[in-house]
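Working notes, beginning with the structure itself.
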Amino acid sequence: MGSELHCRIVLAAGPTAIGKSEIALLLAEKIGGEIVSVDSMQVYRGMDIGTAKPSAAERGRVAHHLIDVVGVKQPFDAAQFVRLAQIAIADIEGRGKIPILCGGTGLYFKALFEGLGQSPPSDATLRAELETTPLPRLLEELEQRDPVCYGRIDRQNLRRIIRAVEVIRLTGQPFSQQQSAWENNPSPARPEWLFGLERAAGGLHQRIEARVEAMFRGGLVGETQGLLDAGLGENKVASQALGYRQVIEHLRGVRSLAETVELVKIRTRQFAKRQMTWFRRKLRLRWVRLGPEERAEATAGRLACLWKEFMCLKE
């Protein structure tokens with residue numbers, strides 16, 4: 001990405017439901033920042049409740065970028081994110097503000113800092129074939145042709161599995177080898193002030209349960225039905241989003257509403273654990289531990305003090 005990303009950029013990462021959006025908002029107000037969303041689902045218009053998208057009032061307090069970028073029928077990928085994020089960062093800095101990259105989509109962080117790797121572009125015909133292939137057959141092929149990738153891939157992430165098999169078929173090479181080449185390519189464009197938020201597992205699980213219940217009370221089922229009417233089912237990526245996928249199955253009669261709520265809680269806890277594992281391994285973050293009763297305002301104050309100390313050292 002070149003020299004665009006430098007020490008004045010703040011990165012706020014962490015698992016879902018930990019409270020990073022509220023903390024980033026308060027931090028932005030304290031240090032004169034604007035927020036760049038690093039969330040692969042908040043880019044879709046109408047996917048509001050299930051993505052915990054910032055409200056209109058919150059976006060009125062602090063400018064947010066890369067939210068509501070495309071309709072639910074439109075594809076969106078890491079390459080598009082990188083292009084739009086670079087534009088947003090340049091715009092924010094050009095106005096004398098501090099970009100705060102906030103989100104939980106590790107792939108987008110990685111693409112922004114280290115590039116998109118050498119994987120071939122998607123092939124429409126092959127992709128259509130793979131999307132109609134049963135998951136067990138895809139996993140069987142992946143196990144045979146790339147056991148390393150098979151051993152570590154998320155079995156719930158159909159999009160990732162399809163992409164891995166697609167790359168293998170297009171290149172004849174294991175997907176894991178290409179990932180390794182990407183991971184071993186250090187980038188000088190990495191910002192210097194990266195922090196990750198963490199909580200005790202029990203406290204995070206309580207927050208996840210409360211958030212999921214609030215989403216369903218707030219109308220997640222109705223929102224999902226409206227999105228299906230608008231064409232969500234045509235988007236193989238967005239329709240697999242956490243929460244929406246399970247509600248779609250509920251609307252199709254797969255399970256009851258009560259069972260769906262509990263399943264979304266389970267899947268969200270699993271997702272948060274995978275996020276933490278990924279962030280610890282890939283981003284070399286400065287971890288900030290949140291106390292069980294610590295309010296977002298207090299955390300933002302702590303971070304603002306750390307930020308000011310950091311900037312003083314740079315002067």
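Since the structure is predicted, the reported quantities are computational estimates derived from the model, not experimental observations. Position 1 is the first residue of the sequence; numbering continues from there.
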Point-to-point distance, once rounded to the nearest 0.5 Å, from [atom1] of [X] to [atom2] of [Y]:
| X | Y | atom1 | atom2 | answer |
| --- | --- | --- | --- | --- |
| L66 | Q80 | CG | CD | 10.5 Å |
| E166 | R127 | CD | CZ | 4.0 Å |
| R252 | L228 | CZ | CG | 6.5 Å |
| L290 | T299 | CG | OG1 | 4.5 Å |
| I98 | I89 | CD1 | CD1 | 13.0 Å |
| F195 | I100 | CZ | CD1 | 7.0 Å |

Shortest non-hydrogen contact from [X] to [Y]?
| X | Y | answer |
| --- | --- | --- |
| G231 | V72 | C-CG2, 4.3 Å |
| A241 | M47 | CB-CE, 3.9 Å |
| A78 | A111 | CB-CB, 4.1 Å |
| V237 | M41 | CG1-CE, 3.8 Å |
| Q275 | G104 | NE2-O, 3.0 Å |
| S256 | E259 | N-OE1, 2.9 Å |

Are [X] and [Y] grouped together when hydrophobic residues (ILVMFWY) are joined by side-chain heavy atoms under 4.5 angstrom apart?
| X | Y | result |
| --- | --- | --- |
| L227 | V70 | yes |
| L263 | L257 | no |
| V43 | F271 | no |
| I92 | I67 | no |
| I168 | I161 | yes |

Problem set entry | Qualifying residues under salt bridge (Lys or Arg N to Asp or Glu O under 4.0 Å), relative to E34, sequence neighbours excluded |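 Testing E34 for salt bridge (Lys or Arg N to Asp or Glu O under 4.0 Å), a comparison that skips the adjacent residues, returns R95.
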For this session: Applying salt bridge (Lys or Arg N to Asp or Glu O under 4.0 Å), name anything that partners E140, two or more places apart in sequence or on another chain.
Result: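 Salt bridge (Lys or Arg N to Asp or Glu O under 4.0 Å) list for E140, sorted by chain: empty.
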If you define the side chain from C-beta out and look only at heavy atoms, does anything of [X] sit under 4.5 Å from [Y]?
| X | Y | value |
| --- | --- | --- |
| L112 | L101 | yes |
| D146 | Y150 | no |
| F113 | L11 | yes |
| R269 | E209 | yes |
| R159 | Q240 | no |
| V10 | I31 | yes |
| L303 | L26 | no |
| K110 | W278 | yes |

Exercise. Please walk me through it: do V221 and T260 pass side chain to side chain contact (heavy atoms under 4.5 Å, CB included)?
Worked result: CA-CA 10 Å; V221 174; T260 300; over 6 Å; no
Is there a donor-acceptor pair closer than 3.5 Å between any side-chain N or O of [X] and the backbone N or O of [Y]?
| X | Y | value |
| --- | --- | --- |
| E22 | G19 | no |
| R199 | L204 | no |
| R211 | K265 | no |
| R286 | G196 | no |
| T105 | S40 | yes |
| K20 | P15 | yes |
| Q42 | T51 | yes |

Problem set entry | Single hit among I248, D229, I49 for side chain to side chain contact (heavy atoms under 4.5 Å, CB included) with T224 |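 It is I248; the other options fail the test.
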Can [X] and [Y] be counted as an ion pair, charged N to O under 4.0 angstrom?
| X | Y | answer |
| --- | --- | --- |
| D39 | K53 | no |
| D154 | R160 | no |
| D68 | R59 | yes |
| E297 | K30 | yes |
| E249 | R245 | yes |

For this session: Please lay out, stage by stage, how R280 and W287 fare under the test side chain to side chain contact (heavy atoms under 4.5 Å, CB included).
Result: CA-CA 9 Å; R280 289 187 185 284; W287 288 98; 3.7 Å; yes
For this session: Look at atom CZ of R137 and say whether more than 12 heavy atoms of other residues, nucleotides or ligands are closer to it than 6.0 Å.
Result: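 For R137, atom CZ is not crowded (no more than 12 foreign heavy atoms under 6.0 Å).
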Exercise. Does a sphere of radius 6.0 Å around CZ in R255 hold more than 12 heavy atoms from other residues, nucleotides or ligands, not counting ones at 6.0 Å or beyond?
Worked result: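 Counting other residues, nucleotides and ligands, CZ of R255 exceeds 12 neighbours.
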For this session: Would you please test E294 and R302 for side chain to side chain contact (heavy atoms under 4.5 Å, CB included) and show each step?
Result: CA-CA 11 Å; E294 184 173 345; R302 279 205 287 152; 3.0 Å; yes
Exercise. Can you tell me if Y244 and E223 form a side-chain donor-acceptor pair at under 3.5 Å?
Worked result: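 Yes, because at least one side-chain N or O of Y244 sits under 3.5 Å from a partner of the opposite role on E223.
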For this session: Could you note down all residue pairs passing ring pair (Phe, Tyr, Trp, His ring centres under 6.0 Å) where residues 41-100 supplies at least one of them, sequence neighbours left out?
Result: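 Residue pairs passing ring pair (Phe, Tyr, Trp, His ring centres under 6.0 Å), neighbours aside: F81-Y108.
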For this session: Take I153 and N157 through the side chain to side chain contact (heavy atoms under 4.5 Å, CB included) test and state the conclusion after the steps.
Result: CA-CA 8 Å; I153 201 164; N157 193 333; 5.9 Å; no
